[in-house]
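These values consider heavy atoms only, across backbone and side chains, with no hydrogens, waters or symmetry-generated copies. Only a predicted model underlies this, so the values are computations on that prediction, with no experimental measurement involved.
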Amino acid sequence: MIKVNIKAKEGNINSIKISGHAGYDAYGKDIVCAAVSSITITTINVLIKLDENAIDYVQNDDLTITIKKHDEVTCILIQNMIDLLEELERNYKKNIKINREVS
């Protein structure tokens, strides 16, 4: 299962960590993993093109995105990414789980 952990404070999303494998199909054939990768990498790429200081990201076995700026464009793009991931979660409940931590 893909796990998405979203950390927010005072109404701002501060970080998103994505880990795991969907298990929908074999590695290289898993449409849920492909969708999550496409959604997140597209969002990261556009944010960096608009403002290279808006986010930091580290990709190892997991992907961690740290939101450094909370301007309107960054917030809209991050929320769009989350909305798309939530749509996947609604359609593939056994393969992706989103958890929010609000402090």
Side-chain angles (χ1 to χ4, degrees):
M1 176 176 286
I2 293 175
K3 295 179 182 175
V4 180
N5 291 311
I6 302 167
K7 291 186 180 180
K9 185 175 184 179
E10 298 173 4
N12 290 317
I13 297 168
N14 295 317
S15 68
I16 301 165
K17 182 179 179 181
I18 301 169
S19 60
H21 179 68
Y24 183 80
D25 203 342
Y27 284 95
K29 295 181 179 184
D30 194 314
I31 62 171
V32 179
C33 282
V36 170
S37 293
S38 294
I39 291 165
T40 56
I41 297 305
T42 299
T43 302
I44 288 169
N45 286 342
V46 74
L47 283 166
I48 290 171
K49 283 186 187 267
L50 292 172
D51 183 352
E52 64 185 28
N53 297 311
I55 62 167
D56 281 333
Y57 73 97
V58 176
Q59 186 170 6
N60 297 314
D61 291 337
D62 303 332
L63 171 65
T64 302
I65 304 167
T66 304
I67 295 87
K68 296 171 25 182
K69 292 189 175 180
H70 293 96
D71 59 23
E72 183 180 8
V73 172
T74 302
C75 291
I76 287 170
L77 289 169
I78 291 294
Q79 188 57 55
N80 182 68
M81 180 182 78
I82 292 168
D83 291 346
L84 292 168
L85 293 171
E86 288 174 338
E87 181 68 23
L88 276 175
E89 181 184 36
R90 279 190 290 279
N91 292 310
Y92 298 94
K93 292 178 173 133
K94 294 180 181 178
N95 308 101
I96 179 171
K97 174 71 175 150
I98 298 173
N99 179 51
R100 292 180 179 262
E101 295 177 34
V102 180
S103 59

May I have all residue pairs that pass ring-ring contact (aromatic ring centres under 6.0 Å, His included) and include part of residues 36-72, sequence neighbours excluded?
none
For N60, enumerate each residue passing the side-chain contact (heavy atoms from CB on, under 4.5 Å) test, keeping only those at least two apart in sequence or located in another chain.
V58
Residues pairing under salt bridge (charged side-chain N to carboxylate O under 4.0 Å, His left out) where one sits in residues 55-65, two or more places apart or in two chains, turn out to be K17-D62, D56-K68
I2 vs I18, test: side chain to side chain contact (heavy atoms under 4.5 Å, CB included). Steps then yes/no.
CA-CA 7 Å; I2 293 175; I18 301 169; 3.8 Å; yes
Mind checking salt bridge (charged side-chain N to carboxylate O under 4.0 Å, His left out) for K69 and listing every partner two or more places apart, or none if nothing turns up?
D51
Answer yes or no: is there a side-chain heavy-atom contact under 4.5 Å between I16 and T64?
no
What side-chain donor-acceptor pairs closer than 3.5 Å can you find for residues 74-88, not counting sequence neighbours?
| unit_1 | atom_1 | unit_2 | atom_2 | d |
| --- | --- | --- | --- | --- |
| T74 | OG1 | D71 | OD1 | 2.7 |
| Q79 | NE2 | D83 | OD1 | 2.8 |
| E86 | OE2 | R100 | NH2 | 2.9 |
| E87 | OE1 | R90 | NE | 3.4 |
| E87 | OE1 | R90 | NH2 | 2.7 |
| E87 | OE2 | N91 | ND2 | 3.2 |

For the pair I44 and L63, evaluate side chain to side chain contact (heavy atoms under 4.5 Å, CB included) and give the outcome as yes or no after the intermediate values.
CA-CA 11 Å; I44 288 169; L63 171 65; 4.0 Å; yes
Find out whether Q59 and I41 are in side-chain contact, i.e. whether some heavy atom of one side chain is under 4.5 Å from a heavy atom of the other.
yes
Mind listing the side-chain donor-acceptor pairs of residues 20-29 below 3.5 Å, one per line with the distance, residues two or more places apart or on another chain?
| unit_1 | atom_1 | unit_2 | atom_2 | d |
| --- | --- | --- | --- | --- |
| H21 | NE2 | D25 | O | 3.4 |
| H21 | NE2 | D30 | OD2 | 3.4 |

How long is the straight-line distance from NZ of K7 back to CG of N99, given to the nearest 0.5 Å?
10.0 Å
Partner residues of K97 under the side-chain contact (heavy atoms from CB on, under 4.5 Å) criterion, sequence neighbours left out:
M1, E89
Does any non-hydrogen side-chain atom of V73 lie less than 4.5 Å from one of L50?
yes
Out of curiosity, I65 CD1 to T40 OG1, how far, rounded to the nearest 0.5 Å?
6.0 Å
